[in-house]
Amino acid sequence: VTRGAPSPAKSRELKMPMPTPTNKTSPGKDGASDVRRVVQNLKSINKDHLRAIEEHYSFDQFHHDSITDAELEAKPMILVVGQYSTGKTTFINQIIGQEYEGCHVGPEPTTDRFMACCYGEDQKVIQGNAISVQRNLPFNGLTRFGQGFLNKFSASFTPSKMLKSVTVVDTPGILSGEKQRLNRNYDFSSVCRWFAERADMVLLLFDAHKLDISDEFKEIIMSLRGLDNKVRCVLNKADQIDSERLVRVYGALLFNIGKILQTPEVVRVFIGSFWDKPLQHSDHKAIFDRDAQSLMKEIEGLPADAASRKVDEMVKRVRLVKVHACILGHLRSKMPWFWGSEARKEQIIDNLDIIFDEVQQKYGLSAGDFPKTEEFATCLKTFDFRKLPTLEYSALETLQELLDKKIPAAMGKHGGAFDEDDEMTEEHKRLADAAAKDGKPGLLEDPAIAYVGLIVVMVLLMLGMAVLMTLVYVKHPAVVGLGKQIVGLGAQIRNFLSANAGAASAGAGAGAGAGAGMAANAAPGVVGEL
């Protein structure tokens with residue numbers, strides 16, 4: 001394909017069946033305005049409330065970078081992942097209706113980089129370093145993976161009608177063995193996870209002839225846990241095997257995917273041959289056509305459902321931030337006052353499962369909202385525990401208000417607006433009651449205040465004793481006068497006790513008189529010694 005010239009495949013007839021456009025696939029002016037309004041509300045929520053809490057609790061050091069406005073405004077994204085020579089690039093060309101600029105197709109591993117297929121009037125390819133600094137595109141967060149990845153990332157702009165509504169990301173083919181993994185200058189699995197978290201659909205492509213799953217592909221599929229609602233499987237080149245083998249391959253694929261994702265639910269699998277050549281075995285042509293139509297209908301329906309998916313991602317992020325804040329606040333309460341911080345840090349990391357259970361029970365959180373213990377422990381090892389923040393009621397109440405009021409209100413007629421005058425939820429009431437019981441409604445647990453108060457009291461006592469000892473040593477007049485007063489007070493007490501002892505001995509009997517006299521004589525001596 002010559003840069004700047006029309007693609008020779010642009011006018012090629014698309015063999016893959018296309019569904020009849022429906023109202024769902026075309027949101028229309030009213031639907032587009034609703035999506036823009038929802039996105040604008042989410043941007044305001046993220047900027048005014050969520051971002052400050054994330055920065056206070058160092059959320060980006062454990063999970064994701066802050067959400068940018070470009071990510072909220074971005075078109076729906078489709079991530080295509082698969083092993084080499086499974087037909088990923090050809091599949092994308094079939095979806096968008098033409099070959100995208102910069103694509104390479106062949107039986108060998110041809111795609112050696114991540115390629116984001118975007119809409120553009122002029123066909124061109126922009127390299128990763130340049131595309132990552134453009135604020136109007138949702139790829140600014142990729143800079144965290146460094147120069148090694150940006151050299152293997154590009155954006156292809158193609159005048160495709162489909163790309164006006166969606167963005168498709170092509171990935172390098174995954175090979176078997178350790179050689180490819182060791183030669184990469186970036187973490188392939190982490191990059192795929194980054195794209196998957198921001199994608200609206202993740203398509204896993206499998207070749208009916210090569211159903212074996214390599215270790216790296218298995219690692220990528222495992223990293224998609226928690227994103228099961230986005231994952232779809234495509235069994236490509238299914239026309240090249242007969243009916244009996246197709247049934248076996250289909251069953252084996254379902255078994256392997258369910259085993260890797262560790263989920264009892266079955267992932268949707270689309271069967272077909274996604275290219276423009278005639279079918280070799282047409283026994284299941286009706287199934288291929290029906291699955292192709294279902295897949296294309298689901299893809300074309302992504303723009304209409306973009307608002308609800310963005311709200312869904314925002315809700316999941318707010319819940320994760322809430323859990324993260326509770327975890328760090330709980331860890332802060334377990335740290336020692338003066339010394340032994342490193343030993344306690346190692347103890348906390350080794351018993352992180354127990355810590356998570358304590359946090360879950362203490363704050364009434366859901367176990368499904370907690371991060372993976374292995375990944376969180378890895379982040380804790382490099383985190384400075386001296387910077388552990390305290391858990392504030394104001395932050396929890398803000399997050400709960402986002403979940404109960406502001407985000408539902410941001411959806412409007414998409415999800416029903418929330419009346420600001422409605423009663424507080426049970427979670428709000430629980431937080432308010434706990435704050436009132438604590439006596440400090442702004443703080444949930446702040447051991448730093450207790451530490452500082454104790455230190456101040458101890459310092460004041462030590463200073464007072466030092467001053468008093470200094471005055472005694474130099475025989476200050478004030479100290480000498482105070483000593484004389486204390487001695488005079490002691491003499492008065494001794495005289496008083498002696499008079500009482502004499503009166504008691506005079507009124508006593510003969511037998512008791514001797515004992516009382518001895519007590520009276522002994523009392524002044526005791527008082528004198530005191």
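Here the structure is a predicted model, which is why all the values come from computation and not from measurement. What's counted below: heavy atoms across the whole structure, side chains too, no hydrogens, waters or symmetry copies.
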Engineer: Can you confirm if the aromatic rings of Phe376 and Phe370 lie within a centre distance of less than 6.0 Å?
Structural biologist: no

Engineer: Side chain of Arg332, backbone of Leu388: donor and acceptor closer than 3.5 Å?
Structural biologist: yes

Engineer: Look at the aromatic rings of Phe188 and Phe114 and report parallel, tilted or perpendicular, splitting at 30° and 60°.
Structural biologist: tilted

Engineer: Would you call the rings of Phe217 and Phe206 parallel, tilted or perpendicular, taking 30° and 60° as the class edges?
Structural biologist: tilted

Engineer: Using a distance-only test with no angle check, is there a side-chain donor-acceptor pair under 3.5 angstrom linking Ser214 and Gln83?
Structural biologist: yes

Engineer: Please confirm whether the backbone N or O of Ala199 pairs with a side-chain atom of Lys230, one donor and one acceptor, at under 3.5 Å?
Structural biologist: yes

Engineer: Can you list the residues that meet the side-chain hydrogen bond (donor to acceptor under 3.5 Å, both in side chains) rule with Asn46, with sequence neighbours excluded?
Structural biologist: none

Engineer: Between the side chains of Ser154 and Arg113, does any donor sit under 3.5 Å from an acceptor?
Structural biologist: yes

Engineer: Examine the side chains of Thr86 and Asp207 and answer whether a donor and an acceptor come within less than 3.5 Å of each other.
Structural biologist: no

Engineer: Identify whether the distance between the nearest side-chain nitrogen and carboxylate oxygen of Glu73 and Arg36 falls below 4.0 Å.
Structural biologist: no

Engineer: Residues two or more places apart in sequence or in another chain: which of them pass salt bridge (charged side-chain N to carboxylate O under 4.0 Å, His left out) with Asp353?
Structural biologist: none

Engineer: Are Arg144 and Asp65 within salt-bridge range, i.e. N to O under 4.0 Å?
Structural biologist: yes

Engineer: Between Lys88 and Leu204 (side chain of the first, backbone of the second, donor and acceptor by atom type, cut-off under 3.5 Å), is there such a pair?
Structural biologist: no

Engineer: Roughly how far, to the nearest 0.5 Å, is CD1 of Ile271 from CG of Asn236?
Structural biologist: 11.5 Å

Engineer: With rounding to the nearest 0.5 Å, note down the distance linking NZ in Lys75 to OH in Tyr119.
Structural biologist: 8.5 Å

Engineer: Here's a test for you: under salt bridge (Lys or Arg N to Asp or Glu O under 4.0 Å), which of Arg317, Lys310, Arg198 qualifies with Glu71?
Structural biologist: Arg198

Engineer: Mind checking whether Phe62 and Phe383 have parallel, tilted or perpendicular rings, split at 30° and 60°?
Structural biologist: tilted

Engineer: With rounding to the nearest 0.5 Å, note down the distance linking CD1 in Ile299 to CE in Met162.
Structural biologist: 6.5 Å

Engineer: Hey, are Arg309 and Glu313 close enough for a salt bridge, meaning a charged N less than 4.0 Å from a carboxylate O?
Structural biologist: no

Engineer: So, Thr90 side chain and Gly87 main chain: donor-acceptor pair closer than 3.5 Å or not?
Structural biologist: no

Engineer: Just by distance, no angles: are the side chains of Asn151 and Gln147 close enough, under 3.5 Å, to form a donor-acceptor pair?
Structural biologist: yes

Engineer: For a quick check under 3.5 Å, do Asp170 and Tyr100 share a side-chain donor-acceptor pair by atom type?
Structural biologist: yes

Engineer: Can you tell me which residue among Leu205, Leu224, Val231, Ile174 is in a side chain to side chain contact (heavy atoms under 4.5 Å, CB included) with Val81?
Structural biologist: Ile174

Engineer: Establish, yes or no, whether a centroid distance under 6.0 Å links the rings of Phe91 and Phe274.
Structural biologist: yes

Engineer: Looking only at atom types and distance, does a side-chain atom of Asn351 sit under 3.5 Å from a main-chain N or O of Ile354, one as donor and one as acceptor?
Structural biologist: no

Engineer: Spell out, as yes or no, whether a donor-acceptor pair under 3.5 Å connects the side chain of Asn185 to the backbone of Gly148.
Structural biologist: no

Engineer: Counting distance only, does the side-chain N/O of His324 pair as donor-acceptor with the main-chain N or O of Tyr57 below 3.5 Å?
Structural biologist: yes

Engineer: Do the charged groups of Arg51 and Glu55 touch, with an N to O distance under 4.0 Å?
Structural biologist: no

